[in-house]
Amino acid sequence: MLAVKIHVRDLTFHYGSQCAIQGLNLDIYQGEILGLMGPAKSGKTTFLRVLNRMCDLVPTARVAGSVLLDGAEILGPECDVDGLRRRVGMVFAKPVPLPRSIYENLAFAPRLQKKHQHRHELDELVENSLKAAQLWEEVKDRLRDSALKLSGGQQQRLCLARTLAMQPEVILLDEPTSGLDPISTARIEETLTELKKDFTIILVSNNTKQIARCSDKVAFMLMSRLVEYGVTPEVFMVPKQKETDDYISGRFG
Amino acid sequence: MRLDPLLTERLVKSLLWCFTGLTIFVLIFIITFISVKGLPQLSWTFLFHDIEDMGRTGGIFPTLVSTLYLTLIALLVASPLGVGSAIYLTEYTLEGWVTRLIRFGAECLAGVPSIILGLFGFVLFVIKLNFGWSMLSGGLSLAIMILPTIIRTSEEALKAVPKEYQDVCFSLGISKWQTITRVVLPCALPGIMTGIVLSIGRSIGETAVVLFTAGASLRTPTTLFDSGRSMAVHFYILAREGLSMPNAYGTAAILIISILLINITAYTLMQRFLQKYR
Amino acid sequence: MLTRERLIEKVLLLLALSAIGSLALITIFIFLEGLPIILKTGVRHFIFGAHWAPTKGHFGILAMILSSIYVTLGALIFGVPLALACAIVLAEFAPPSLTRILKPTIELLAGIPSVVYGFLGVVLLVPIIRGYLGGPGLSLLAAALILGIMILPTVISISIDAMNAVPTLYREGSIALGATQWQTVRKLVLPAARSGIITAIILGMGRAIGETMAVIMVAGNALSIPTSILDSVRTLTANIALELGYASGAHREALFATGIVLFIIIMILNTAATLIAGRK
Ligand SMILES: Nc1ncnc2c1ncn2[C@@H]1O[C@H](COP(=O)(O)OP(=O)(O)OP(=O)(O)O)[C@@H](O)[C@H]1O
Ligand SMILES: [Mg+2]
């Protein structure tokens, strides 16, 4: 049996008076990919942003319930938010490289943490992260070039590598392939399957086929609620809820 | 009686173009006139000699030093205040009565006439704080004058930096202050510099504020508490007392040309900045 | 770590209060210095008294208030039509490539110091006025003309921004309906940009009424209520600048009192501009 990494209990989230997550209960296991799917505005992004407290940035946000990471509460005021964000990395739907070199994009956060003082340590970290994100071969000769010159697919892998360079425990991916071509998508999916040995991954996607291909468990959200949760093949073959069936078979509306 | 619209169109258009031509002509003429009259006066001695005989002969070196001194003090005081205000307004608060109050204050301050700033600097710095007519009094008064410009341009520059950069930094566990100093400020730097450079131009050309706070001593100021006349004040005195027309023209030429160069620099910086983020 | 971030936020808030704080300090000091003499003279006598002889204890600034108003109105009469014409041409008629050069050129000229304008007024304008129209040359007319030129960049640039803010779609619709360009501008663009243009004019007015050095140099500074545009006049600003250098005691207080009047006028104008600009 795998260990529970994140334990979500009765999570409810409001933007002002508008509810975005309603009474959500979910366990996320170490070393697995959880696929999270659902129609637009069902609260997927909001859920990810709660997990690394990025939701704090919205002034009107109100959150209730409990989220435990390795048994420790992360929603309370005593949680070290910057530390949490280093443990729970996030890749956004739209790749946003910082306006710096490829190398600097990766080395930026680790250097500020002061954990990696030595030049060769940083070099090694950058190289390993780029390799893990399958970008190393393409950029190894131009690490000092601006990251803005990379193609969309490369930029998204750079963002993944940047998250990996923080050596997080959990990686949140919010529709990481929504803007990419099939080949880049395939490469990212391949990368994720490689990475799940060492990380806990939550993959949000609108593409049900992608969820079916990559994830171990799948969760389906609809109108702020968690409707279905289970082992991927089972959910896709015999969904328990009618809404899930409709969504998977594209009969939604 | 109604005029034919097409005829009106042509009449009005030619009239408006004439007015525009006149405006542009006047403005260009000012620069050309001063340059043509003033540039021939410039020489090594004019630039690097002491003022002699109240400005009838000799150079303008002390006024260059005073101008530089005053501008530097003003910038050193106003830049941190202005950029800090802008950071607070853009990154740390929501729109609300606090921001409205701060912005209203900056806008009103921008409209305060320089003679009032001169009066204020005179009573507070020169008399109450007993700094006397000095570089310090003058510099502080100028700092108040340029503060609104720096706040406004810095605010615009900071707002132009994509919000996504901050999201990325936060998601990497970088603290807010580090995000601002390492990512947001460097991106906004050209825009912020534009405001600062514009302020340099204004400080150099300002007369009323400086006259009543820094005085009009002919000597080259060395300490913060020395009085000294800026280039603009020197020019004013030369012209008003009719001491020396050639020297007045020469000083005016230096004033105008340096201010134009400075403003062109500011403009170019701004264009670069806008191109990068639009 | 958390406390450090909090500390930074507090420090930044302090910095952010610098502008409003300076404004408050300015208000306090000007009033502290000037108010006693106004109260002693009586508001009515101070503002409506026509006799200014500070060394003999007469503090009436009516002549200067009127001069300031006349000079400012004169500046608007010369400056606003030119500025609006320029703004209309640059925003509506001129090809964009020309506007791209001319607008920054005009804005650059906002940087010319006021002493330079004043000087040019003295060497170029005043002799012409003296020669062709008579009088001392140093006059209300000269001041109004110079100020009219000085407010051009402000008014032009804000008006252009206001007109550019009118959506292009409206314009195209109007042209498509067969209106000429001028009809479009008059019936559509100008009304839509009205509040921006009024703001521009008010700000120009503020600049004109607060301008000191240029006015001192060309207005002649005589202490009487002007009866013709060729009369020499002394504005509120000029009065302060001319006498502050040697004034002391009650005389100096009276100069600060003059500053109070000027300050109040400017604050009213600024508030009006802010209200009008914010009302969109
Ligand atoms: N910053 C915000 N402020 C206010 N409301 C928000 C904010 N972000 C999201 N919402 C609202 O919360 C609800 C959930 O949004 P969320 O972005 O989590 O959905 P999503 O499932 O990620 O949708 P999508 O597939 O379109 O990305 C939506 O109704 C949305 O309008
Ligand atoms: Mg989303």
Side-chain angles (χ1 to χ4, degrees), chain B residues 5-6 8-9 12-13 16-17 19-20 22-24 26-27 30 34 80-81 84-85 87-89 92 101-102 104-109 111-116 119-120 122-124 144 147-148 151 175-177 201 205 207-208 212 232 235-236 239-240 248 252 255-256 259-260 263-264 267, chain C residues 1 5 8-9 12-13 15-20 22-23 25-26 29-30 33 81-83 85-86 88-90 93 102 104-106 108-109 111-116 119-120 122 149 152 180-183 203 206 210-213 217 237 240-241 244 255-256 259 262-263 266-267 269-270 274:
Chain B
L6 284 178
T8 325
E9 168 97 356
V12 169
K13 267 196 180 175
L16 291 181
W17 273 103
F19 275 17
T20 309
L22 183 66
T23 308
I24 308 271
V26 167
L27 295 172
I30 293 174
I34 296 284
L81 289 178
S85 303
I87 293 178
Y88 185 79
L89 284 175
Y92 281 90
L101 180 74
I102 293 172
F104 179 74
E107 257 163 54
C108 282
L109 194 59
V112 172
S114 45
I115 187 70
I116 300 262
L119 273 179
F120 168 71
F122 175 71
V123 51
L124 178 61
I144 296 179
L147 184 59
I151 294 181
S175 73
K176 181 153 191 165
W177 182 241
T207 314
F212 300 115
F235 167 66
Y236 169 67
R240 196 165 152 66
L255 259 182
I256 285 215
I259 289 173
L260 282 185
N263 285 3
I264 290 172
Y267 180 76
Chain C
M1 216 45 201
E5 291 284 316
I8 290 169
E9 185 173 343
L12 287 172
L13 173 62
L15 297 184
L17 291 176
S18 57
I20 185 92
S22 309
L23 189 71
L25 275 182
I26 292 171
F29 273 95
I30 303 282
E33 294 291 307
L82 276 181
C86 230
I88 292 172
V89 166
L90 292 187
F93 300 160
L102 289 184
T105 312
I106 289 172
L108 286 185
L109 294 162
I112 296 181
S114 45
V115 271
V116 173
F119 177 67
L120 287 169
V122 174
I149 297 175
L152 287 176
T180 63
Q181 250 184 326
W182 167 243
Q183 283 172 330
L203 289 178
E211 177 51 49
T212 314
M213 303 321 281
M217 295 170 85
T237 51
I240 302 173
L244 186 63
L255 295 181
F256 278 89
L262 182 64
F263 191 68
I266 293 284
M267 280 303 140
L269 288 179
N270 278 344
T274 315

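Naming: A, B, ... by sequence-line order, numbering from 1 per chain.
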Asks: Does any heavy atom of chain C fall under 4.5 Å from the side chain of B/Leu27, the backbone, both, or neither of them?
Replies: both
Asks: Using the ring of each side chain (for Trp, its six-membered ring), is C/Phe29 parallel, tilted or perpendicular to B/Phe120, with breaks at 30° and 60°?
Replies: perpendicular
Asks: So what's closer than 4.5 Å to chain C heavy atoms on B/Leu119: side chain, backbone, both or neither?
Replies: both
Asks: Please list, chain by chain and in numerical order, all residues satisfying salt bridge (Lys or Arg N to Asp or Glu O under 4.0 Å) with B/Glu9, sequence neighbours excluded.
Replies: B/Lys13
Asks: Do you know which of B/Ile34, B/Leu81, B/Val112 has the most heavy-atom pairs under 4.5 Å to chain C?
Replies: B/Leu81
Asks: Do the side chain of C/Ser22 and the main chain of B/Ile144 share a donor and acceptor less than 3.5 angstrom apart?
Replies: no
Asks: Heavy-atom distance under 4.5 Å to chain B: side chain of C/Ile88, backbone, both or neither?
Replies: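 For C/Ile88, side-chain heavy atoms alone lie under 4.5 Å from chain B.
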Asks: Report which part of C/Glu33 has an atom under 4.5 Å of a heavy atom belonging to chain B: side chain, backbone, both, or neither.
Replies: side chain
Asks: Measure B/Ile151 against the heavy atoms of chain C and call it side chain, backbone, both or neither at under 4.5 Å.
Replies: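 For B/Ile151, the side chain is the part near chain C, not the backbone.
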Asks: Working to the nearest 0.5 Å, report the span between CD1 of C/Ile20 and SG of B/Cys108.
Replies: 7.0 Å
Asks: Against chain C, label B/Leu147 side chain, backbone, both or neither, depending on which of its atoms sit under 4.5 Å from a heavy atom there.
Replies: side chain
Asks: May I ask you to name which of B/Ile115, B/Ile30, B/Asn263, B/Leu16 has the most heavy-atom pairs under 4.5 Å with chain C?
Replies: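 The option with the most such pairs is B/Ile115.
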Asks: Between C/Leu23 and chain B, which part of the residue has a heavy atom less than 4.5 Å away: side chain, backbone, both or neither?
Replies: both
Asks: Non-hydrogen atoms of chain C under 4.5 Å away: do they reach the side chain of B/Leu101, the backbone, both or neither?
Replies: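 Both backbone and side chain of B/Leu101 come within 4.5 Å of chain C.
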Asks: Please classify the contact between C/Leu108 and chain B as side chain, backbone, both or neither, with a heavy-atom cut-off of under 4.5 Å.
Replies: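 Both parts, heavy atoms under 4.5 Å.
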Asks: Measure B/Leu22 against the heavy atoms of chain C and call it side chain, backbone, both or neither at under 4.5 Å.
Replies: side chain
Asks: Is B/Tyr92 close to chain C through its backbone or its side chain, or both, or neither, when contacts mean heavy atoms under 4.5 Å?
Replies: both
Asks: Checking heavy atoms, do the side chain of B/Ile24, its backbone, both or neither come under 4.5 Å from chain C?
Replies: side chain
